[in-house]
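None of these values were measured; they are calculated from a predicted model. Start at 1 with the first residue, then count along the sequence. Atoms within a ligand are numbered from 1 in the order they appear, just like the ligands themselves.
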Amino acid sequence: MKEKVYIFDTTLRDGEQVPGCQLNTVEKIEVARMLETLGVDVIEAGFPVSSPGDFSSVVEISRAVTNPTICALTRAVEKDIEVAADALKFARRGRIHTGIGTSDFHIKYKFNSTPEEIVERAVKAVKFARNLVGEVEFYAEDAGRTDNKYLARVVEAAIGAGATIINIPDTTGYTLPHEYGAKIKYLVEHVPSIHKAIISTHCHNDLGMATANTLSGILNGARQVEVTVNGIGERAGNTSLEEVVMILKSHKKKGLYTDVNSKKIMPISRLVSTLMRMPVQPNKAIVGRNAFAHSSGIHQDGFLKKRETYEIINPKDVGLNQSSLILTARSGRAALKHRLEEIGVKLSKPELDELYPRFLELADKKKEINDDDLLVLVDRDKNVDRSIRLIGLQVLCGKNLQASATVKLGYNGEEFTEVGLGNGPIDASLNAIRSIVRQKIHLEDFVIQAITRGSNDIGKVHMSVEYKGILFYGFGANTDIVQASVEAFLDAVGKALK
Ligand code: KIV
Ligand code: ZN
């Protein structure tokens, strides 16, 4: 008999804790709707007590989606739990995810407490939550480094108090796969009431073992996995949804399945990457640009004779349409709309009408427009602060002479032109902008990324700037890399000076 593994998606909670990748409520709803289409069982929508934004995101996601259970995170604190229950009031099925640190590190240093007191606090929190919502999941934070005997005691107590899902986080990503599997097995064998609960895995990727640990947990009895799209999350991230789903799909003999429609994996991967402005590494398993690219002659030869020689997954199974139509300057609106929908972007008629001339403009510069180009085009005007915008840019640079840039900006309703000097065209442009806004804005981080390969390609620029001690993130994309950098800088500066 086949057994189901429940998919608990925490892209909008643990995933969203990545610095510089915060989403607004509208964007979160867009992701949540797509997670529903993907077929996840649970959406962890936020940590309501942490901010009014998180609270309203949980409320709005509860209203916007129907099928998945909506989950809200809390500490083992009554106020947190009350606020979470309130945020979940519109959820068709709501779950509170409450818990406490159980490792010696957490007990001694974080709580200055004792093992006995931690059990009491866990029980109290679960009971309190159980009176407010239909379903309670308990997490034993840093379970990866918690002594198994003590962990079994905490878990038995949490189940006794009413928790029906038990999360065993490897919070620091330290545990080895065989140790994590042994931990789950220990709980299955030593917690008397374990049959009343589902064990959940929650693994972090600090040593690159999140997926291996999750799999080991499943093979030893866990039936829920906590994952994020593209593996995003705190520090090195969480277990990636697409990897676990495709492992179980590829290894059917294990007798395990998920309800995820794997064909929707690419669209959601792109959506999350675009909205969070977090590029997917090209060699990322399943969703990286190179995951299905064969470059060596030997591989290409074998692949052309029989695809399975070098491909264990059919790209169509993850929503990659290899035979997709090629978009050029001769493509019409219908072809553009069709391709956008294939990659998960739905536009209204006015939005398509606005996009089409920009699409043609880019298609004139580049021979073929690929999916990444489209995503950049669609995203371009999002979050742009209109109080500061680029009107004109001209740079002079070359060998043995200092670069100069003339920048014309619209700023607070007026137009300003300044000339800046610098050690290159980008530095000169940024100095010109600084002269216009007359503020000390420090460039902290600057990443240039070419999307595909040609010299006529779009370049994406990610920047973060520091202003009065706070970091602001900016993004720009253009076939002209200096202009893309200026746009990214202005995006960040616009947010800083708002
Ligand atoms: O990593 C972790 O321990 C967590 C818990 C709050 C579930 O994210
Ligand atoms: Zn976590």
For the residue pair Phe472 and Tyr467, does the interplanar ring angle fall in the parallel (under 30°), tilted (30 to 60°) or perpendicular (over 60°) class?
tilted

For the residue pair Tyr109 and Phe105, categorise the inter-ring angle as parallel (less than 30°), tilted (30 to 60°) or perpendicular (more than 60°).
tilted

Atoms of ligand 1 under 4.0 Å from any heavy atom of Pro169, numbered from 1 in the order shown, are 2 (C), 3 (O)

Of all the atoms in Asp14, is at least one N, O or S atom closer to the Zn ion (ligand 2) than 2.8 Å?
yes

When you measure from the heavy atoms of Glu226 to every atom of ligand 1, does any distance fall below 4.0 Å?
no

Side-chain (Asp41) to main-chain (Ile7) donor-acceptor, under 3.5 angstrom:
yes

Does Arg13 approach ligand 1 within less than 4.0 angstrom via side chain, backbone, both or neither, non-hydrogen atoms only?
side chain

Would you mind telling me which of Asp14, Thr171, Thr172 makes a side chain to side chain donor-acceptor pair (under 3.5 Å) with His204?
Asp14

Between Glu444 and Ser464, a side-chain donor and acceptor under 3.5 Å
no

Test log, rule side chain to side chain donor-acceptor pair (under 3.5 Å), inputs Glu117 and Thr114
CA-CA 5 Å; Glu117 199 182 277; Thr114 61; 4.7 Å; no

Name the closest protein heavy atom to atom 4 (C) of ligand 1, giving the residue it belongs to and the distance to 0.1 Å.
His202 NE2, 3.4 Å

What is the ring orientation for Phe111 with His106, classed by angle as parallel under 30°, tilted 30 to 60°, or perpendicular over 60°?
tilted

Which of the atoms of ligand 1 are close to His204, meaning less than 4.0 Å from one of its heavy atoms?
1 (O)

Protein contact of atom 3 (O) of ligand 1 - nearest heavy atom, named by residue and atom, plus distance:
Thr171 OG1, 2.7 Å

Enumerated ligand 1 atoms positioned under 4.0 Å from heavy atoms of Glu141
3 (O)

Asn167: numbered ligand 1 atoms lying under 4.0 Å from its heavy atoms
7 (C)

